[in-house]
Participant: 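This is the structure I have questions about; it appears just below.
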Amino acid sequence: MNPFEYARPESEAEAVALLAGEGTTVLASGMDLMPLLQKSVVATSRVVDISRVDSMRGIDPVNGGVTIGVLSTLEDIAYSPLLTEYPSLKDVTEGIRAIQVQQNGTLGGDLCHLPNCWYFRSGYGLLGRDNGKSLPEIGDNRYHAIFGNSGPAKFVSASRFAPALIAWGAQVRITGPEPNAEKWLPLEQFYHTPKTDRQGVTVLEPGQLLTHVWLPPAELQVSATYEVLEMKGLDWPLASAAATLDLDDAGRVRKATIVLGHVAPTPWLSLSAADVLVGQPVTPQLAHAAGEAAVAEATPLSENAYKVRLAQTSVKRALLKATNQLEGGL
Ligand SMILES: Cc1cc2nc3c(=O)[nH]c(=O)nc-3n(C[C@H](O)C(O)[C@H](O)COP(=O)(O)OP(=O)(O)OC[C@H]3O[C@@H](n4cnc5c(N)ncnc54)[C@H](O)[C@@H]3O)c2cc1C
């Protein structure tokens, strides 16, 4: 491990001041960051531990919706009575079955999680390059992207909550780089596909920090997340889909937002799946057609065509789950 400074601020302004300059890193509960620092996959001059910044905790009703501080743990999200109207979030926490992760992992750590790409984690950088060659292109790419992979980035976005939150139209609050600067933006605009190893996976710039997520009012919309996991224990999804649906009194879809996870370098919004649904009641046949539409433009790599089918099935099952029609064996 390379040496670095350690700082533990108690306010957002203090955290932002400590994050100024290149090469600083935010530490939340450290479940992912610590191993990356130990293996020198992430090099940093200063680790800024935000765990004592109390303004970034808590789940509160705000403007008819709900604000979630990014230090909320996965368990806080699972048990909050304010989030019962957003069942697609609970679906995510139920998929993360390790108690240690549920009690310690933070929402911010999930949303800003670095890719699980094995080339990145073996020290070849975000783009997985060795002597100018793309290792995901010439090597084992079974867990890599099937969308948005025409550029140099082939990894998949690691966040498990982002698809569900984006499907709800969530906004995120960013503070910095000036001590009291703040801005809100839609979560889908928070993600970024890097073109070089020096760029990150989010739009955060040096000195900036993610502090809160705001969910709009649920307004009786229905939602679900469906994740395809290889193992039932601690595991990352091979593909996932989150759906939020606004239904009329006859059960016809007025508005649909479908977001796929773990299939592209960013969470992947599928407008074509939503188009298939609008104006009709969700049936198994329609859910199947929406799944097909969602993957029609997929561009799998040499060893991950199987993920196309998984993504398609995730969309279908998320839709059926949101409308209480999911049964075994679908
Ligand atoms: C051995 C092990 C295996 C795991 N396996 C799984 C698994 O299979 N599936 C799963 O879902 N989870 C898994 N996890 C948990 C995983 O690390 C998390 O999903 C967890 O939510 C990360 O939260 P954290 O608070 O620990 O993040 P940290 O490790 O502290 O941070 C993660 C990243 O986010 C950045 N960051 C954190 N907060 C902010 C912020 N507010 N603003 C800007 N950047 C920020 C950090 O700089 C870092 O790059 C595993 C953890 C361990 C230790």
Side-chain angles (χ1 to χ4, degrees), residues 4 6-9 12 15-16 18-19 23-39 41-57 68-78 89 91-116 118 120-121 126 143 156-165 172-177 182-183 185 187 190-192 200-213 225 227-238 240 261-262:
F4 53 80
Y6 170 81
R8 195 165 58 189
E12 290 175 22
V16 162
L18 286 160
L19 285 167
T24 58
T25 306
V26 177
L27 175 83
S29 92
M31 295 194 87
D32 190 54
L33 185 64
M34 289 313 293
L36 292 176
L37 289 172
Q38 278 163 354
K39 289 192 275 173
V41 171
V42 169
T44 186
S45 54
R46 178 186 294 150
V47 164
V48 179
D49 177 351
I50 56 172
S51 61
R52 298 264 173 106
V53 182
D54 286 338
S55 60
M56 289 164 60
R57 287 187 192 287
I68 311 174
V70 293
L71 288 177
S72 302
T73 63
L74 312 192
E75 195 173 74
D76 294 336
I77 292 168
L89 299 184
D91 291 339
V92 176
T93 58
E94 282 174 357
I96 304 170
R97 298 202 180 105
I99 289 170
Q100 302 93 316
V101 177
Q102 293 209 353
Q103 291 185 341
N104 294 301
T106 64
L107 177 61
D110 174 82
L111 292 175
C112 300
H113 208 282
L114 289 164
N116 290 315
W118 43 36
F120 166 64
R121 285 177 186 258
L126 266 185
Y143 297 128
V156 296
S157 166
S159 174
R160 291 177 79 157
F161 281 102
L165 290 168
V172 288
R173 178 177 177 271
I174 293 172
T175 181
E182 68 158 17
K183 68 175 172 189
L185 75 161
L187 178 57
F190 180 66
Y191 292 100
H192 161 88
V201 297
T202 71
V203 298
L204 286 178
E205 289 176 3
Q208 288 190 319
L209 183 64
L210 180 68
T211 66
H212 295 84
V213 175
T225 302
E227 295 182 326
V228 181
L229 291 156
E230 238 172 338
M231 294 185 290
K232 285 200 170 170
L234 197 55
D235 197 10
W236 295 96
L238 296 167
S240 72
H262 313 277

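FYI, side chains are in, hydrogens and waters are out, and symmetry mates aren't considered; it's all heavy atoms of this structure. Every number for a ligand or one of its atoms is a count from 1 in the order of the listing.
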Participant: Is there side-chain contact between Val201 and Pro115, with at least one heavy-atom pair below 4.5 Å?
Facilitator: yes
Participant: Taking the side chain as every heavy atom from C-beta outward, state whether Phe4 and Leu37 have any atom pair closer than 4.5 Å.
Facilitator: yes
Participant: With side-chain contact (heavy atoms from CB on, under 4.5 Å) as the test, pick out the partner of Thr106 among Ser72, Ser29, Ser51.
Facilitator: Ser29
Participant: Could you check which of Arg97, His113, Met31 puts a non-hydrogen atom nearest to atom 18 (C) of ligand 1?
Facilitator: His113
Participant: Among all protein heavy atoms, pick the one closest to atom 36 (N) of ligand 1 and tell me residue, atom and distance.
Facilitator: Cys112 CB, 3.7 Å
Participant: With atoms numbered from 1 as shown, which atoms in ligand 1 lie under 4.0 angstrom from a non-hydrogen atom of Ser29?
Facilitator: 24 (P), 25 (O), 26 (O), 30 (O)
Participant: If we check side-chain contact (heavy atoms from CB on, under 4.5 Å) with Leu209, which of these qualifies: Thr175, Val53, Leu204?
Facilitator: Thr175
Participant: Are any of the N or O atoms of Arg160 closer than 3.5 Å to those of ligand 1?
Facilitator: yes
Participant: I'd like the name of whichever of Gly200, Gly109, Ser159 reaches closest to atom 27 (O) of ligand 1 through any heavy atom.
Facilitator: Gly109
Participant: In terms of atom number and element, which parts of ligand 1 are under 4.0 angstrom from non-hydrogen atoms of Leu204?
Facilitator: 43 (C)
Participant: Using protein heavy atoms only, decide if any is under 4.0 Å from atom 45 (C) of ligand 1.
Facilitator: yes
Participant: If you measure every N or O of Val26 against every N or O of ligand 1, does any of those distances drop under 3.5 Å?
Facilitator: yes
Participant: Taking the side chain as every heavy atom from C-beta outward, state whether Cys112 and Leu210 have any pair of such atoms under 4.5 Å apart.
Facilitator: yes
Participant: Could you tell me whether the side chain of Gln102 and the main chain of Thr93 form a donor-acceptor pair under 3.5 Å?
Facilitator: yes
Participant: So do the side chains of Leu19 and Arg46 get within less than 4.5 Å of each other, counting heavy atoms only?
Facilitator: no
Participant: Return the residue, atom name and 0.1 Å-rounded distance of the protein heavy atom closest to atom 30 (O) of ligand 1.
Facilitator: Gly30 N, 2.7 Å
Participant: Is any side-chain heavy atom of Thr211 closer than 4.5 Å to one of Arg173?
Facilitator: yes
Participant: Could you walk me through whether Leu114 and Val41 pass the side-chain contact (heavy atoms from CB on, under 4.5 Å) test, one step at a time?
Facilitator: CA-CA 11 Å; Leu114 289 164; Val41 171; over 6 Å; no
Participant: Are Ile77 and Val92 packed together at the side-chain level, in the sense that at least one heavy-atom pair is separated by less than 4.5 angstrom?
Facilitator: no
Participant: Are the side chains of Thr73 and Asn104 in touch, meaning some heavy atoms are under 4.5 Å apart?
Facilitator: no
Participant: If I apply the N/O under 3.5 Å rule, does Ala28 come out as touching ligand 1?
Facilitator: yes
Participant: Using a 4.5 Å cut-off on heavy atoms from C-beta on, say whether the side chain of Val172 contacts that of Leu165.
Facilitator: no
Participant: Using a 4.0 Å heavy-atom threshold (strictly under), name the region of Leu114 that reaches ligand 1: side chain, backbone, both or neither.
Facilitator: side chain
Participant: Looking only at distance, does Leu27 have an N or O less than 3.5 Å from an N or O of ligand 1?
Facilitator: no
Participant: Counting only heavy atoms closer than 4.0 Å, does ligand 1 sit against the backbone of Val70, its side chain, both, or neither?
Facilitator: side chain
Participant: List every atom of ligand 1 that sits less than 4.0 Å from any heavy atom of Thr25, numbering the atoms from 1 in the order shown and giving each element.
Facilitator: 47 (O)
Participant: Please name all residues satisfying ring-ring contact (aromatic ring centres under 6.0 Å, His included) with Tyr143, sequence neighbours left out, ordered by chain then number.
Facilitator: Trp118
Participant: Just need the protein heavy atom nearest to atom 13 (C) of ligand 1, so name the residue and atom and give the distance.
Facilitator: Trp236 CZ2, 3.3 Å
Participant: Under 4.0 Å from any heavy atom of Asp235, which atoms of ligand 1 are there?
Facilitator: 7 (C), 8 (O), 9 (N)
Participant: Any nitrogen or oxygen of Thr106 lying under 3.5 Å from a nitrogen or oxygen in ligand 1? Just yes or no.
Facilitator: yes
Participant: Could you identify the single nearest non-hydrogen protein atom to atom 4 (C) of ligand 1 and state the distance to 0.1 Å?
Facilitator: Leu234 CD2, 3.7 Å
Participant: Should Leu33 be counted as touching ligand 1, given the test is an N or O pair under 3.5 Å?
Facilitator: yes
Participant: Answer side chain, backbone, both or neither: which part of Val101 comes under 4.0 Å from ligand 1, heavy atoms only.
Facilitator: side chain
Participant: For Ile50, counting its heavy atoms only, list the atoms of ligand 1 lying under 4.0 Å from any of them.
Facilitator: 41 (N)
Participant: Any atoms of ligand 1 less than 4.0 Å from a non-hydrogen atom of Gly108? List them with their elements.
Facilitator: 37 (C), 38 (N)
Participant: For Gly23, is there any backbone N or O sitting under 3.5 Å from a side-chain donor or acceptor partner on Ser45?
Facilitator: yes
Participant: Is there any N or O on Gly105 that sits under 3.5 Å from an N or O of ligand 1?
Facilitator: no
Participant: To which protein heavy atom is atom 40 (C) of ligand 1 closest, and what is the distance rounded to 0.1 Å?
Facilitator: Leu210 O, 3.7 Å
